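These numbers were taken from a predicted model, which means no experiment stands behind them. One-based numbering, in listed order, for ligands and for the atoms of each.
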Amino acid sequence: MSIAVNYAEVKARMEAACARAGRDPKEVTLIAVSKTKPVSMLTEAYEAGSRDFGENKVQEITEKYPQMPEDAKFHMIGHLQTNKVGQVIDKVVLIHSVDSVHLAEKIEKEAAKRDIVKDILLEVNVAEEESKFGLKMDEVIPVLETIKTFPHICVRGLMTIAPYVENAEENRKHFKDLYQLYVDIKTKNIDNGTMNVLSMGMTGDYEVAVEEGATMIRVGTGIFGSR
Ligand SMILES: *Cc1c(COP(=O)(O)O)cnc(C)c1O
């Protein structure tokens, strides 16, 4: 299977999921998760229409970023160490994986130095799995209350990595829970109106995530093959 064929298939499935949910496909961004893959493969995806790429390692971003066309956008989706924030802050459009005030403080500092406002998402460990990074559901609002006061950070929404499951339907409840939290925050205006991103859904469950309100899906294997 070629990357172009895979990319078109994922897009078509995403659009079908939008249709089932009565949503406009323009509301959903497909992020091609290109971690571990060479630039030649990112270029194939770019030629197939992808402009958004997800990476989880700072070193891969710094290597690939200068080799891609200027309109290719990189998303930091992996755990970010505070001492590496400075290396990626000006190379990524969005940091999906902010899971502590401590990390946000470092992003605030680096963004202030550059006189920019950095878009971030708060990562939520929605199933409260021991092995995963991310805030617990009940930590999200207090952390948001703090981070929203940082002048060089804009909290654009929430992100989750749902559990690995055989049947995507098992994750529907987690996507519903995160959507509910997202809507609560917006309804109570805790975000001061900055939030419009819900990053959830991967190769195994992106269609369910779209049905439950995802505005960004992160698909790796489904586009690039296994890692
Ligand atoms: C690897 C990764 C993905 C993509 O996973 P696939 O199952 O290959 O689609 C999505 N999100 C995050 C945070 C990842 O690390």
* To do: Report yes or no: does Lys186 contribute a side-chain atom to a donor-acceptor pair with the main-chain N or O of Asp191 at less than 3.5 Å?
  => no

* Please confirm whether the backbone N or O of Cys154 pairs with a side-chain atom of Thr194, one donor and one acceptor, at under 3.5 Å? =>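 Pair absent, no side-chain N/O of Thr194 close to backbone of Cys154.
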
* **Geometric N/O contact Asn56 with ligand 1, under 3.5 angstrom** => no

* Using distance alone, decide if ligand 1 has a nitrogen or oxygen within less than 3.5 Å of any nitrogen or oxygen in Met159. => no

Quick one: look up the protein heavy atom nearest [atom] and list residue, atom name and how far away it is.
atom                    : answer
atom 6 (P) of ligand 1  : Thr203 OG1, 3.4 Å
atom 15 (O) of ligand 1 : Lys35 NZ, 2.6 Å
atom 12 (C) of ligand 1 : Ile77 CD1, 3.5 Å

Salt-bridge test for [X] and [Y]: reply yes if a basic N is under 4.0 Å from a carboxylate O, no otherwise.
X      : Y      : answer
Glu211 : Arg172 : yes
Glu110 : Lys106 : yes
Lys57  : Glu60  : no

* Can a non-hydrogen atom of Arg227 be found less than 4.0 Å from any atom of ligand 1? -> yes

Considering only heavy atoms of [X], which atoms of ligand 1 have at least one such atom less than 4.0 Å away?
X      : value
Val219 : 9 (O)
Arg218 : 4 (C), 9 (O), 10 (C), 11 (N), 12 (C), 13 (C)
Thr221 : 6 (P), 7 (O), 8 (O), 9 (O)
Ile161 : 13 (C)
Gly220 : 4 (C), 6 (P), 8 (O), 9 (O)

* Using the ring of Tyr206 (Phe, Tyr or Trp, six-membered ring only), decide whether Arg13 places NZ or CZ under 6.0 Å from its centre and within 45 degrees of its axis. => no

* Asked: atom 10 (C) of ligand 1: which of His96, His75, Met202 has the nearest heavy atom?
  ->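 It is Met202 that holds the nearest heavy atom.
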
* To do: Please round to the nearest 0.5 Å and tell me the distance separating atom CE of Met159 and atom CE of Met200.
  =>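 So the CE of Met159 and the CE of Met200 are separated by 12.5 Å.
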
* Asked: Can you say whether the rings of His79 and Phe133 are parallel (under 30°), tilted (30 to 60°) or perpendicular (over 60°)?
  ->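 Correct class here is parallel.
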
